[in-house]
Each structure stands twice: as C-alpha cells, then as structure tokens.
There are 2 protein chains.
Amino acid sequence: MLTSVATTRGIVSNRTDGARGFVPSARHTSFLGLTGIPLHFERGAEIVAEEDPAEHIYQVVSGTARTCKLLCNGRRQIGAFLMAGDYFGMEARDTHCFAVEAITDLHVVMVSRSAAFAAAGRDTAVARSLWDITARSLDACQQHALLLGRKTAVEKIGSFLSEMAERQGSDDEIDLPMSRQDIADYLGLTIETVSRTMTQLESAGTIALPTSRHVVIKRPHELERLSLC
Amino acid sequence: MLTSVATTRGIVSNRTDGARGFVPSARHTSFLGLTGIPLHFERGAEIVAEEDPAEHIYQVVSGTARTCKLLCNGRRQIGAFLMAGDYFGMEARDTHCFAVEAITDLHVVMVSRSAAFAAAGRDTAVARSLWDITARSLDACQQHALLLGRKTAVEKIGSFLSEMAERQGSDDEIDLPMSRQDIADYLGLTIETVSRTMTQLESAGTIALPTSRHVVIKRPHELERLSLC
DNA sequence: CGGATACTTGACAAAGTTCAATCGCAGTGG
DNA sequence: CCACTGCGATTGAACTTTGTCAAGTATCCG
C-alpha cells in the first residue's frame, strides 16, 4: 500500500546502527547488502496496512513512524515508534500483522523481502544481520510487554521519557514527534492519564514542559528510578 | 545455570513444528541441523537465569516452561509459556534478558549458540530457520503486547483459554499446567482477578471447571468472541 | 488426620477510565 | 491587527475496573 512516490533527493543517515550503517547516495541506498529504494511519505500516510502482503523490508532514514494494531471499539495498541536507523516489515508470516504509519514526514529505504532473503542465502553476513535486526525487535517487544503488564502509569511515562531521551541521544531534552494519543496507545493508557501524569511529573520538578511536545528532564536520576523499578 | 542433569532416556516429540520437526533418538536429537543434547529438569527448576550469558539455544521436547522478567516489589511478567516444539534462548544480546523455569517436568534439547550460528553460516536453510523461529517469537510477543495493553480482564482470560486450547490441539478441553499466579503474571492481572474471572465465565456457562487445572469449553464461540474483540 | 499449598470469595481501596468542560495555540479570514 | 475556528492538550468529577487485604475452602501428600 504505497501511496507516496519515491523522491529523487539524496538521503542522509543521521544515525549509524553499529555494523549495519548505511551510506547516503543520490538515488539508491545500501541496505542489507542490497540497493534499497528511497521513499518519502507525508505525515499521516500509511506505509503498510494491517494484513497487507509482506513484500518489503524497510529502514527508516529520517522522521518517525508508529506500528499499530487495532481492536474493536477503536482500541489501538502502538507496538513501537520507528526512528532513523530502525527497521520494519520483517514478518514471520506472509502478511503484515500491524500497520505502519508516518507520524512526521518520513524517509525510508525499501528492499524486497525476496531479494533480502536471496541475499541472505548468498551472504552469511546478511543472513546474520537479518537475524540480528529481528532479535533486537524481539528484545524491545519483550521489554515493552513488561512495561504494559506490570508498570504503573508514572513508571510507564518515566520509562517512555527515558527511552525517548536515549534514542534522541540527549540526556536532558526531548522533542516528542508523537501526540498524547500516540503515547497513550503505546503505553496502554488513556490520553487523560498521560496528560495528568506528565503534569504530575512537572509539579514534582522531575521534568519541565515548555510546550506539550518538548520535555526538559530536570532530574534524570528521578526518571531512571521510575523506569527501572 | 544448569542445575539438573541430562537423562539417558530417549526423547519423543509429541508435536512436530512444520518443517522444523525433530526426530527422537537414544541420546542426541537433531535440532537446527545439529546434534542437540537432551536435558531433563524437574518442576520448578531454573533452566536459564536472567542475565545469564546466552550460550545455548533450546527446544522443548515435553513439559511446560515459563519465561519470566522481574521488577521490584516482586512484580513479575511472564513473557510466554513454552511447550513441546517451542524454542527459547535466541537472544540479540550476549545475556539472557529473562529467566526460563520449568513449570512441569521438562525435557529439552540444547545446542550451543556458537554452533548454531556456525551451522547457519554453512547452511542457508539453517540460517533461514533460525530467523523464522525468532520472527515467530516476535509475532507472538507483539500479539501479547496488544493483549496486555488494551484488553480487559475477561478478554485476557478468553484469549488465554483460546490460545491454550489451540496449542493443546483440543477444541473443548484444556489441561492447565500452570498455576493461577502464573496465569496472572502472563496476563498482567492479579491471581484474584484471574480466579474471579474464571468463576464468572463458569457462571455464564461459557466454560466448566471440573478442577481448577482442567477447563472444559462449553461455548467455544463465546470464547472466540471475547478473544478476538 | 494434619499441615501445607493452591484456589476462591468477600469487602474495601486505589488506580485509572470516562465524560464533559475548559484552555491554549496555530492558522485563517475579516 | 484582532477575532474566530479547530484541534490537541489539560483539568475536574463521577464512576468502573482491578487491586489489596483478609478470611475461608479445597486439595494434595505425608
């Protein structure tokens, strides 16, 4: 379900992911030992729909996306926020079991699933890196399950803010690309509880909220304590 | 952290896992194209501890195990119940990020992680199957995250019972090898809520509980409705 | 039979949700 | 430039669900 078109602009990685770093180029981008196709999506666009055939593997170049699963009565669970360097589309089955949507303007590179598997068959390093990406996603998902099942609202928000700070490489300032509703659906809370808990952390002096999308961490130690325990 | 000893008894698979079926033998068992070592653990034994170095990959031959993560105040999240045919120990990092404990007497086969990766390097099919196992775990974990984040107590219990029925290949009778506490920690509930919800489903005529560990599904359709929506 | 363990039940408390109203800010048009 | 509009975020109050604590029952096993 590709509704956007590929841009012709060069793409610059703003984060290298260990051994799997990728190099900017004019039209194509190296990715899993293959020539990936750069694509651009607008804020709100759907890159992958739930139940779509799983034909491609993607890496985020810039921007943020969310993976969503839906339940009846409009209940939604966001599995992960995908940022520069993150991969998605590696499915065990032939169809995607969640949708992927652009939260901001989004640049990705795409390779076909069959080409990736073929490359993995030829090149052991590619196979290993394909496994590594999947295993890392699994690790993140298991960590997230612990949060969803056993943490309180404050601990969830604390963990979330710590995670975002770490992923943005900043110790004390975070720009949140996602709405309160997205945060709520990621943490298994309601938008109101997210809002209230943020205010509560602000009142306690743990964070400051110059704007609703910009968080300043005043007491990182306090946040760590919340997220770890 | 292997506290039990390997048995010398032959091991019989009571479930083949698609293309990755494994064949019983007197002492060693084929597993990911390697010769696996059969091990036996007693009920309650810890096969893997949290933060243990990840040196082996396992497949369950018979019995049931649980994967656990711990938080402070004794809060626990069970990530999965592992039954015959299931794999565990495939970690992205060098240490296990959860413990694995035997719920019943447990037979597993074990191969060393490095041997598995070496085999994957030599044999494309092994590499693919290693990826497949990991991707399947990821899929299950994402499904479980949806349950933990967005389902009510009844829906959680409904989903759990449906899952168990399916895994036991039975449409209407389930033997639960795990305690109410295990179920609670799997579903992100308390033991009391699990108990109450089971009774509630029994009163509604959806299930019967001849004993606390044996569930008869009287209205499978009703359970489906709960778990899907 | 006695003791331990697991499960169930009840009464109450707390955390989080729901519903509704309000605020604040960016964008738009007069 | 300022009022108006729309949307996201915040706040309040009532309510629900689930958790907590405590007691009671069932079951297993020596």
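Chain letters run A, B, ... following the sequence lines, proteins first and then strands; every chain starts at 1.
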Below 30° counts as parallel, above 60° as perpendicular, anything between as tilted: where do the rings of Y186(A) and F81(A) land?
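The rings of Y186(A) and F81(A) sit tilted, inter-plane angle from 30° to 60°.
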According to the interplanar angle, ranging from 0 to 90°, do the rings of H107(B) and H40(B) count as parallel (below 30°), tilted (30 to 60°) or perpendicular (above 60°)?
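H107(B) vs H40(B) ring planes: tilted.
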Close approaches to DNA chain C from residues 188-196 of chain A, in residue order (heavy atom, under 4.0 Å)
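Only G188(A), L189(A), T190(A), E192(A), T193(A), R196(A) qualify.
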Can E101(B) and R66(B) be counted as an ion pair, charged N to O under 4.0 angstrom?
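A salt bridge links E101(B) with R66(B).
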Ionic contact status for D86(B) with R136(B), cut-off 4.0 Å:
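So R136(B) does not pair with D86(B) through a salt bridge.
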For [X] against [Y], the heavy-atom pair lying closest together:
| X | Y | answer |
| --- | --- | --- |
| A84(B) | V61(B) | CB-O, 3.3 Å |
| K156(A) | L148(A) | NZ-O, 3.8 Å |
| G149(A) | Q77(B) | CA-OE1, 3.4 Å |

Distance in angstrom units between [X] [atom1] and [N] [atom2], rounded:
| X | N | atom1 | atom2 | result |
| --- | --- | --- | --- | --- |
| R43(A) | dC7(D) | CZ | P | 12 Å |
| N73(A) | dT17(D) | CG | C1' | 15 Å |
| R213(A) | dC25(C) | CZ | P | 14 Å |
| R150(B) | dG16(C) | CZ | P | 13 Å |
| L187(B) | dT18(D) | CG | P | 12 Å |
| M178(A) | dC7(D) | CE | P | 22 Å |
| I183(B) | dG19(D) | CD1 | P | 14 Å |
| L201(A) | dT11(D) | CG | C1' | 16 Å |

Side-chain donor-acceptor pair present, Q181(A), D185(A), cut-off under 3.5 Å
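Yes, side-chain donor-acceptor contact under 3.5 Å.
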With salt bridge (charged side-chain N to carboxylate O under 4.0 Å, His left out) as the test, would you mind laying out the steps for R167(B) and E163(B) before giving the verdict?
CA-CA 6 Å; R167(B) 294 182 74 180; E163(B) 182 194 345; 3.5 Å; yes
Write out a two-atom table: protein N or O, nucleotide N or O from nucleotides 25-30 of chain D, distance below 3.5 Å.
none

